[in-house]
> 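Below is a structure I'd like to ask you about.
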Amino acid sequence: MNLEEKLKILADSAKYDASCSSSGSTRKSKNGIGNTAYAGICHSFASDGRCISLLKILLTNCCIFDCKYCLNRKSNTIQRAIFTPEEIAKITINFYKRNYIEGLFLSSGILKNPDYTMNLLIKTIELLRHKYRFGGYIHAKAIPGASETSLKKLGSLVDRLSANIELPTESSLKLLAPNKEISKVDNIMQYIKKNHQKNFVPAGQSTQMIIGATKETDKDIIGKSESLYHHYQLKRVFYSAYIPVNQDKLLPRLKIPPLKRENRLYQADWLLRYYGFTTQDLLDDKNPNFNLLLDPKADYAVRHINEFPKEINTCSYKDLLKIPGIGIKSAKRIASSRKLFTLQFKDLKNMGVVLKRAKYFITCNHKYFINPEYFEKKFIESNLILEDKEKLTQTKKQLSFFE
Amino acid sequence: MKQTNSIYLYQNTFSSLLSLIQLLIEAKIKPINIKNTNYTPSLFDTIITLEINEKDGINFWISKTTKEIIKTTYYIFLSNNPEKELIIYYFLLNSLKYQNKIFYLRRLNCVTKALKISHQVTNEAHKFKGFTRFKELKNHILYAEIAPENDILILLSHHFKNRLKNEYWIIKDTNRQIISIYDKNKFYIVDNNILKIDHLATTMENEKIEKLWKSFYKTIGIKERQNDRCRMNFMPKKYWKNMLEMSEEIEKNNK
C-alpha cells in the first residue's frame with residue numbers, strides 16, 4: 001500500500017471527529033519550524049463546509065473494540081492500514097511547510113491494548129517535536145484505559161488532549177459501545193483537568209457526542225455538556241450528527257443526518273459558555289427538545305416575553321446578552337458607549353446589533369421600535385420565524401444565481 | 001487659493017501621510033482630497049505639495065494619540081479604499097479630541113467607516129494566514145502567490161517570519177506586483193521588477209506532496225453533509241485561485 005492510499009484510508013476513518021479548532025495555545029517558534037496562533041487559523045474548508053485546520057488522521061484504523069456506530073469497529077470488513085511514526089511526521093512537516101495546515105490531529109483505533117496504542121502516539125509525536133523540532137499545533141486523542149504515565153507523557157507533548165464520551169448517557173454507551181466504559185473517559189478528563197498547566201495540554205481538552213443515534217433528548221445532551229463544562233473545565237463540546245455508516249438493528253435508520261438539531265445544540269452550547277444561560281433556562285420537561293423553527297435565544301426570549309422589552313441604556317450587561325440579535329461584541333460596545341452618551345436606534349446599527357431581530361425586545365431611550373401595540377408574543381414569534389424563512393430562500397436564490 | 005479643487009499629495013508612505021495630516025490640521029485646512037504621488041490629476045485639480053518632515057509627523061501622533069489609534073490608522077492605510085486618506089484625516093482629527101474614547105463613538109460617520117475598513121484589512125490578513133499556499137522550488141525556496149484586495153503583504157510577512165523562521169520564502173502579491181523575500185533573518189518587500197524570479201520549477205517530491213494534499217482534501221469532506229453554501233460563506237471564490245486543493249473545483253465550475 002502506498003502512502004497516498006494509506007492517507008486516504010486513515011483520513012476517511014478520522015473525518016467523523018468534529019473537532020477542528022487550533023486555538024488556545026501560544027507557542028513561539030524556536031530553532032525548528034512552526035508556532036501556534038492563540039486565535040487559531042482555518043486553512044481551508046471542506047466540501048461539507050467544515051473548517052480544515054489540522055491534518056486529521058488516525059494512526060491506525062485497526063481496533064479491538066466493536067462500537068456499533070463506528071466505521072472502524074472490529075466486526076467491519078474494511079481495508080485496514082497503519083502509519084509508521086516517520087510517515088506521519090513526514091506528511092505533517094511537508095504540509096505545514098507549505099501552509100496547508102496548522103498542525104496535526106492524531107487519533108487512533110486501539111491496537112493490542114490502550115497503553116500499547118498510547119505509546120505509538122507518543123513515539124510519533126516525540127519524533128515530530130524532537131527530531132523535526134515541530135512547534136505547530138498538535139491535538140491528540142487519549143485512549144480510554146490508558147495509564148497515568150502515558151497520559152502524562154502524551155499531555156506534555158501536545159497542545160490539546162481529549163477523549164470522546166460519544167454518547168450522553170451511560171446506558172446508551174453500554175448499548176452501542178459495549179467495550180467502552182464511561183468511567184475510563186471520566187478518568188482521563190479528571191487527570192487532564194488536575195494537571196492542566198502551561199506545559200501540560202496548554203490548549204485544554206474537548207470532547208464529542210454523537211447526536212441522534214440514541215434516544216436522549218436535547219435536554220439530556222445539553223445538560224450533560226453543562227455538567228462537563230462545570231466539572232472538567234472543557235474548552236469545547238463538539239456535537240456530531242449521526243451518520244449511518246454501519247447496519248445494525250440497534251441503530252436508528254436515518255436517511256439524512258439530523259443537521260438542524262446539531263446546529264441548535266451548537267447555538268445552545270454557545271449560550272451556555274458565553275451568554276450566561278443554563279440548561280434550565282433553555283429547556284424543561286415540557287419542552288425537552290429545541291424548537292427547530294427558532295434559535296434557542298429567540299425561543300427563550302419569546303417564552304419569557306414578560307422579561308422584555310429591555311432598555312438598552314440602563315439594563316445590565318448580563319441582560320444585554322439575553323437579547324436576540326445582540327452578540328458578545330455588540331453587548332460590549334453598548335456597555336462602553338452608553339457611558340459616554342445616550343444610545344439611539346441608529347447607534348445600535350453601527351455597533352453590529354442585528355436590529356431585525358433585536359427590535360422586538362428592546363426600548364431605546366424608552367421608545368419602542370415599532371408600534372407598542374404589537375408587543376405581543378404571537379406576533380413577535382411568527383415574525384421571527386417568517387424572517388428566518390425569507391432569509392433562507394434568499395440565500396438559496398443568490399447561490400443558484402452564482403452557479 | 002480656492003480650496004475646492006485642491007489636492008494635497010504625500011509620498012506613498014504611512015509616515016508621509018501622517019506628517020501631511022499634521023500640517024493640515026495645524027494650518028486648520030480641511031482638505032477636499034488627499035492623494036499619493038501616483039495620482040493622475042484632472043484638468044481642474046490644483047496639486048499642492050507641502051514640505052514634509054516625516055519623522056516629525058510620526059513623533060507628533062505618537063505623543064498626541066495612542067498606540068491603538070495609530071495601529072487602526074495604519075490598517076486603514078493598507079486598505080484599497082479610494083477615500084482612505086480622507087477617512088484617516090477625520091479619524092485622526094477626532095482622535096486628538098477623544099483619544100481612545102473614539103472607538104466607542106460609532107455615531108460619528110468617520111469612526112464607523114474607519115473601524116469597518118480597519119477590520120476588513122485585519123480580517124483579510126487573517127484569512128491569508130490560512131489560505132496562502134507555498135510550493136517548494138528546486139532550490140528549496142518556498143514560493144507563494146496571493147491576490148489580496150488590500151495591501152496585506154507586510155502583515156502576512158510578519159506572520160510567516162515567525163512561523164517559517166528557518167526557511168527561505170518568497171510571497172508575491174500579484175495584484176500589486178510586489179514581493180516579500182525572507183532570508184531567514186529579515187524580510188524585504190520590493191517591486192516585482194527589481195527581482196526577476198524565473199526558476200519556478202518545483203521538484204518531483206513537491207508534486208507528490210501536492211497530490212497527497214489534494215487527496216486528503218477530497219477525503220476529509222463528509223458526503224452526507226455536503227454544503228456548498230456553507231463552504232462559500234467561509235471561503236468565497238475569490239480566494240480559490242491560488243489554493244491548490246480548489247483547482248479541480250474551479251475547472252468544474254468553468255465547464
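None of these values were measured; they are calculated from a predicted model.
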> How about residues 165-177 of chain B versus chain A: which residues have heavy atoms under 4.5 Å apart?
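The residues closer than 4.5 Å to chain A, in numerical order, are B/Lys165, B/Asn166, B/Glu167.
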
> Based on non-hydrogen pairs under 4.5 Å, which of A/Gly136, A/Ala46, A/Gly34 is most in contact with chain B?
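Result: the option with the highest number of such pairs is A/Ala46.
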
> Over all heavy atoms of both residues, which pair between B/Val121 and B/Ser79 is shortest? Give the atoms and the distance, please.
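Between these two residues, the closest heavy atoms are CG2-CB, 3.5 Å.
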
> With chain B as the partner, which of A/Asn31, A/Ile334, A/Ile57 has the greatest number of non-hydrogen pairs under 4.5 Å?
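Result: the option with the highest number of such pairs is A/Asn31.
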
> Determine which pairs satisfy ring pair (Phe, Tyr, Trp, His ring centres under 6.0 Å) with at least one residue from residues 65-91 of chain B, sequence neighbours left out, and list them in order.
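Only B/Phe14-B/Tyr74, B/Phe14-B/Phe77 qualify under ring pair (Phe, Tyr, Trp, His ring centres under 6.0 Å).
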
> Between A/Leu343, A/Leu340, A/Ile101, who has the most heavy-atom pairs with chain B when the cutoff is under 4.5 Å?
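So the answer, after comparing A/Leu343, A/Leu340, A/Ile101, is A/Leu340.
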
> Under a 4.5 Å heavy-atom cutoff, which of B/Leu244, B/Ile222, B/Leu164 has the most pairs with chain A?
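Heavy-atom pair counts peak at B/Ile222.
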
> Find the one option among A/Ser44, A/Ala241, A/Ser337 whose heavy-atom pairs under 4.5 Å with chain B are most numerous.
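Looking at each option in turn, the highest pair count goes to A/Ser44.
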
> Is A/Ser53 in contact with chain B via its backbone, its side chain, both, or neither, using a 4.5 Å heavy-atom distance?
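Contact with chain B involves no heavy atom of A/Ser53 at all.
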
> Identify the heavy atoms of B/Tyr217 and A/Ser47 that sit nearest to each other, and give their distance.
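In this case the closest contact between B/Tyr217 and A/Ser47 is OH-N, 4.0 Å.
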
> A/Leu7 versus chain B, heavy atoms under 4.5 Å apart: side chain, backbone, both or neither?
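For A/Leu7, side-chain heavy atoms alone lie under 4.5 Å from chain B.
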
> Where is the tightest heavy-atom contact between A/Leu58 and A/Ser108, given as atom of each residue plus distance?
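Looking at all heavy atoms of both residues, the closest pair is CD2-N, 3.9 Å.
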
> Answer with side chain, backbone, both or neither: which region of A/Glu5 has an atom nearer than 4.5 Å to a non-hydrogen atom of chain B?
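For A/Glu5, there is no contact with chain B at all, as no heavy atom is under 4.5 Å.
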
> Specify which of B/Lys135, B/Lys211, B/Met243 makes the most heavy-atom pairs with chain A at under 4.5 Å.
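Highest number of pairs under 4.5 Å: B/Lys211.
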
> With the side chain counted from C-beta on, respond yes when B/Thr203 and B/Lys138 share a heavy-atom pair under 4.5 Å apart, and no when they do not.
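A side-chain contact under 4.5 Å exists here.
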
> Quick check on B/Lys218 against chain A: is it the side chain, the backbone, both or neither that has a heavy atom closer than 4.5 Å?
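Contact with chain A involves no heavy atom of B/Lys218 at all.
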
> With a 4.5 angstrom heavy-atom cut-off, could you sort out which part of B/Tyr239 is near chain A: side chain, backbone, both or neither?
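Neither part, no heavy atoms under 4.5 Å.
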
> Please determine if B/Lys214 and A/Glu4 form a salt bridge, counting it only when a charged side-chain N lies under 4.0 Å from a carboxylate O.
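No salt bridge links B/Lys214 with A/Glu4.
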
> For chain A, which of B/Met246, B/Lys127, B/Glu224 has the most heavy-atom pairs under 4.5 Å?
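Counting heavy-atom pairs under 4.5 Å, the top option is B/Glu224.
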
> Look at B/Glu68 together with B/Lys71 and state whether they make a salt bridge at an N to O cut-off of under 4.0 Å.
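A salt bridge is absent here (no side-chain N lies under 4.0 Å from a carboxylate O).
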
> A/Glu102, A/Lys28, A/Gln344, A/Met351: which one forms the most heavy-atom pairs within less than 4.5 Å of chain B?
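The answer is A/Glu102.
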
> Should A/Asp12 and A/Lys15 count as an ion pair when the cut-off is N to O under 4.0 Å?
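Yes, A/Asp12 and A/Lys15 are salt-bridged.
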
> Taking salt bridge (charged side-chain N to carboxylate O under 4.0 Å, His left out) as the cut-off, I'd like each qualifying pair that reaches into residues 328-353 of chain A, sequence neighbours left out, listed once.
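Pairs touching residues 328-353 of chain A that pass the test: A/Asp347-B/Arg107.
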
> Just give me the residue among A/Lys97, A/Lys8, A/Lys56 that pairs up with chain B most often, heavy atom to heavy atom, under 4.5 Å.
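That would be A/Lys97.
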
> For A/Arg129, is there an ion pair with A/Asp159 - N to carboxylate O distance below 4.0 angstrom?
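Judged by the 4.0 Å cut-off on N to carboxylate O distance, A/Asp159 and A/Arg129 do form a salt bridge.
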
> Counting only non-hydrogen atoms closer than 4.5 Å, does A/Leu3 touch chain B with its backbone (N, CA, C, O), its side chain (CB onward), both, or neither?
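Both parts, backbone and side chain.
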
> Would you mind checking if B/Glu245 and B/Arg133 are paired as a salt bridge, meaning a charged N to carboxylate O distance below 4.0 Å?
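Salt bridge flag = yes for B/Glu245 with B/Arg133.
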
> According to side chain to side chain donor-acceptor pair (under 3.5 Å), who are the partners of B/Thr72, at least two apart in sequence or on a separate chain?
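Once residues adjacent in sequence are excluded, B/Thr72 has no partner under the side chain to side chain donor-acceptor pair (under 3.5 Å) criterion.
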
> In Å and rounded to the nearest 0.5 Å, what is the CG to OG1 distance from A/Leu54 to A/Thr92?
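Rounded to the nearest 0.5 Å, the CG-OG1 separation comes to 10.0 Å.
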
> Please classify the contact of B/Thr132 with chain A as side chain, backbone, both or neither, using a heavy-atom distance under 4.5 Å.
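For B/Thr132, backbone and side chain are both near chain A.
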
> Can we call the ring centroids of A/Tyr69 and A/Tyr16 under 6.0 Å apart?
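For A/Tyr69 and A/Tyr16, the ring centres are not under 6.0 Å apart.
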
> Charged N to carboxylate O below 4.0 Å: is that the case for A/Lys6 and A/Glu87?
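A salt bridge links A/Lys6 with A/Glu87.
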
> Which answer fits B/Leu115, side chain, backbone, both or neither, if we ask what part of it has an atom under 4.5 Å from a heavy atom of chain A?
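For B/Leu115, neither part sits under 4.5 Å from chain A.
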
> Between A/Ile256 and chain B, with a heavy-atom cut-off of 4.5 Å, which part of the residue counts as in contact: side chain, backbone, both or neither?
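When you check distances to chain B, no heavy atom of A/Ile256 falls under 4.5 Å.
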
> Only pairs of heavy atoms separated by less than 4.5 Å count here; which of B/Leu105, B/Asn162, B/Asn233, B/Asn227 has the most with chain A?
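If we count pairs closer than 4.5 Å to chain A, B/Asn227 comes out on top.
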
> For B/Leu142, which atoms come within 4.5 Å of any heavy atom of chain A: side chain, backbone, both, or neither?
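Side chain of B/Leu142 only, per the 4.5 Å heavy-atom cut-off to chain A.
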
> Do you see a donor-acceptor pair shorter than 3.5 Å between the side chains of A/Tyr96 and B/Arg163?
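Looking only at side-chain atoms, B/Arg163 and A/Tyr96 do form a donor-acceptor pair, the distance falling under 3.5 Å.
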
> Select one option (side chain, backbone, both, neither) describing which atoms of B/Glu210 are under 4.5 Å from chain A's heavy atoms.
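For B/Glu210, heavy atoms of backbone and side chain both lie under 4.5 Å from chain A.
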
> Heavy-atom cut-off 4.5 Å, strictly under: side chain, backbone, both or neither for A/Ala14 against chain B?
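Neither; nothing under 4.5 Å.
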
> Identify whether the distance between the nearest side-chain nitrogen and carboxylate oxygen of A/Asp17 and A/Lys141 falls below 4.0 Å.
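Looking at A/Lys141 together with A/Asp17, the answer is yes, because their closest N to O distance falls below 4.0 Å.
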
